[in-house]
Amino acid sequence: MRDVIVFLIFATLLPACFLRPWFGLMTFSWLAYNRTQDLTWGFARALPISQFVALAMIGGWMVWEFRPLLGRDARLRAMIVMLGLIGISMLTSSMPVDAVKDRYFELVKVMLIALLTAALLVNRERLRSFGIVVSLALGFYGIKSGLFFLTGGGTLNGPGGMLLDNNDFALANTMNLPFLWYVSYDVSGVRYGRALKLLMRVAFFLTILTIISTGSRGGFLAMSATLFIMAMKTRFKVPALAGIVMLGLIALLLAPPEFIARLRSIGNATEDASAQARFISWQVAINMIKAHPVFGIGFQNMFYEFPRYLGGVYIPQGTTVVENHVAHNSYLQIWAESGTLAYLVFMFILITTIRRLRAVTRSVKDTAEAWASNYSKAIEVTLYGYMVGATFLNRAHFDLVYQLVAVAVALPLVVASERERASARRRRFGPSPAHKVWVRHEDPFVKLPGS
């Protein structure tokens, strides 16, 4: 029955995805972050619903709302450059292209969705809808898993896909915390806005429990950094920090003993097998970088090449077998697999995006467009949380990161558009005073009022 419902819902939405490309993009984003199909058990689970939605959306974009995907923004062009560099690393590696081409095409689709987001995000209504879709798509699991944790549930994994691993699931929920909080300030203008705001605030607190329940230490550190930065961005820093500490203590009191033991191991890395495996992976990744600094060892090739680069790596005493691992560090993963140039481009995208968001926050402060700071702060803090989590987790090419970069690129244009719309509304309410009248003319002998 659940399969039938999911199939009918999205089959019914396909015409709307074609006629309204932005609606199609939001439908695709919901499927990407909510993983609705993974909640089914039958035929709907294997259907290519996301692909059908994407085809309808792209067709609608080309027919009804075509805008160039690449403007003058350096971050969008950097995405294309990084795609090219990763492709070169794939072609020059020892890994057969056929073995990794599917993963590469997945990355191409991620970049395409990001570029479409930047092209179609043209007003405040669309910006708000994006914030709500992301918040609720991931917030669903924050509520569901948080309540499960309160009733005594154990370690949780995600529904599937990129959210299946508990570390990735924890990181995704951490990245959703700023959206649940900041976007809730801008939902009063929508239908049932007060109820939606309350739902998002409840989801915020339950998501914190969900992150703890995964047992992911990298996710816990990323969440701690995210909450700290959010507290420091408020006017009431001391009460906010005190509230976070109190909330953390309550969560730890509710946590089972195995969760506490796992979190305590963060400070005892020398005796923790998982932490030792990470240290070994980092050393192996550095060896790979030294051996192939320009284009790396090849996209998605670290796990298979792992044994060849163990030379000179410190192995803890008593370890007889060293298993193959991934980098467990997103920065080293990109650097080792795709080379120094790809790593520098990746860091350029992240750092310049954060700088742009901070500039937007400053420019709209104490203006009629101050609502935009909710979105700039949400994306900025989300990227900070990702960057902390990426130090310990293997999530280099996360869909949401590139889509957030695209939103950050479009945000100043949305602010300018809303400013112009507000100015046009003011002009409709009767004539302006004579000294504000502006007339286009070419007669040098005509003196305009007020000139």
Side-chain angles (χ1 to χ4, degrees), residues 13 16-35 50-83 105-138 162 172 175-176 178-179 182-183 186 346 349-350 352-354 356-357 360 372 374-380 382-383 386 397-418:
L13 294 178
C17 294
F18 173 74
L19 295 173
R20 297 188 176 184
W22 179 259
F23 179 82
L25 181 60
M26 291 300 96
T27 303
F28 183 90
S29 300
W30 177 273
L31 287 169
Y33 305 130
N34 184 259
R35 305 293 306 182
S50 294
Q51 288 87 329
F52 288 139
V53 170
L55 289 174
M57 168 191 64
I58 293 172
W61 161 68
M62 297 179 67
V63 173
W64 308 111
E65 202 173 345
F66 180 81
R67 294 186 181 88
L69 294 182
L70 276 179
R72 297 182 178 179
D73 190 86
R75 281 153 288 268
L76 299 182
R77 296 185 176 185
M79 289 185 190
I80 303 302
V81 171
M82 192 166 73
L83 264 182
F105 287 142
E106 286 292 328
L107 183 58
V108 171
K109 287 190 286 186
V110 167
M111 299 295 188
L112 176 60
I113 293 300
L115 295 177
L116 278 169
T117 301
L120 294 174
L121 185 53
V122 295
N123 56 45
R124 183 180 179 182
E125 288 76 17
R126 292 186 174 184
L127 180 62
R128 183 191 290 122
S129 66
F130 173 81
I132 293 174
V133 165
V134 172
S135 300
L136 297 185
L138 290 168
M162 67 175 183
M175 294 173 67
N176 194 38
F179 270 83
Y182 289 115
V183 176
D186 195 42
F346 181 69
I349 292 172
L350 290 178
T352 57
T353 299
I354 290 174
R356 163 165 281 204
L357 292 166
V360 170
N374 292 320
Y375 296 95
S376 59
K377 289 177 182 177
I379 301 173
E380 180 190 352
T382 295
L383 291 179
Y386 167 77
H397 303 296
F398 196 9
D399 309 30
L400 183 57
V401 171
Y402 294 111
Q403 197 168 17
L404 292 181
V405 170
V407 174
V409 167
L411 187 56
L413 303 178
V414 172
V415 172
S417 172
E418 293 300 310

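What you see is a predicted model, and the numbers here were worked out from it, not measured in a lab.
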Practice problem: Compare all side-chain heavy atoms of M79 with those of V405 and state whether any distance is below 4.5 angstrom. | Solution: yes
Quiz item: Between T353 and I349, what is the shortest heavy-atom contact and its length?
Solution: OG1-O, 2.5 Å
Self-check item: Shortest non-hydrogen contact from A118 toward A410
Solution: O-CB, 4.0 Å
Exercise. For R128, look at atom CZ and say whether over 12 heavy atoms of other residues, nucleotides or ligands are found less than 6.0 Å away.
Key: yes
Self-check item: Reported CG-to-OG1 distance for the pair N176 and T382, which is rounded to 0.5 angstrom
Solution: 7.5 Å
Quiz item: Looking at K377 and E380, does any basic side-chain N land under 4.0 Å from a carboxylate oxygen?
Solution: no
Quiz item: Between A114 and A406, which heavy-atom pair has the shortest distance, and what is it?
Solution: O-CB, 2.9 Å
Quiz item: Can V401 and M175 be said to form a side-chain contact (heavy atoms from CB on, under 4.5 Å), step by step?
Solution: CA-CA 9 Å; V401 171; M175 294 173 67; 3.8 Å; yes
Quiz item: Could you go step by step and tell me if Y375 and D186 meet the side-chain hydrogen bond (donor to acceptor under 3.5 Å, both in side chains) rule?
Solution: CA-CA 9 Å; Y375 296 95; D186 195 42; 2.5 Å; yes
Practice problem: Could you check if a side-chain atom of L121 sits within less than 4.5 angstrom of a side-chain atom of W22, using non-hydrogen atoms only? | Solution: yes
Quiz item: If we only count heavy atoms from C-beta on, is the S376 to L411 side-chain gap below 4.5 Å?
Solution: yes
Quiz item: Which atom names give the shortest non-hydrogen contact between C17 and T27, and what distance separates them?
Solution: SG-OG1, 3.8 Å
Quiz item: Do V183 and V134 have side-chain heavy atoms sitting under 4.5 Å apart?
Solution: no
Quiz prompt | Nearest atoms (heavy-atom pairs only) where S29 meets Q403 | solution = OG-NE2, 3.1 Å
Quiz prompt | Gap between atom CZ of R20 and atom CG of L13 - 0.5 Å precision | solution = 12.0 Å
Quiz prompt | Closest non-hydrogen atom pair, A119 against P68 | solution = CB-O, 3.8 Å
Quiz item: Once you round to the nearest 0.5 Å, how far does CD of E106 lie from CG of D399?
Solution: 8.5 Å
Practice problem: Nearest 0.5 Å please: distance from the CZ atom of F179 over to the CG atom of N374. | Solution: 11.5 Å
Exercise. Mind checking the CD-CD spacing from E125 to E418? Nearest 0.5 Å is all I need.
Key: 5.5 Å
Quiz item: Are the side chain of S417 and the backbone of L413 linked by a donor-acceptor contact shorter than 3.5 Å?
Solution: no
Quiz item: Are V133 and F28 close enough that some pair of their side-chain heavy atoms sits under 4.5 Å apart?
Solution: no
Quiz item: Rounded to the nearest 0.5 Å, how far apart are CD1 of I113 and CG of L400?
Solution: 13.0 Å
Quiz prompt | Step-by-step side-chain contact (heavy atoms from CB on, under 4.5 Å) determination, L25 to F130 | solution = CA-CA 9 Å; L25 181 60; F130 173 81; over 6 Å; no
Self-check item: Contact check, side chains of W30 and L136, non-hydrogen atoms, under 4.5 Å
Solution: yes
Quiz item: Does R67 reach the side chain of V122, with side-chain heavy atoms less than 4.5 Å apart?
Solution: yes
Quiz item: Is any side-chain heavy atom of V409 less than 4.5 Å from a side-chain heavy atom of R356?
Solution: yes
Practice problem: Using the six-membered ring wherever Trp is involved, compare the ring planes of Y402 and H397 and label them parallel, tilted or perpendicular (cut-offs 30° and 60°). | Solution: parallel
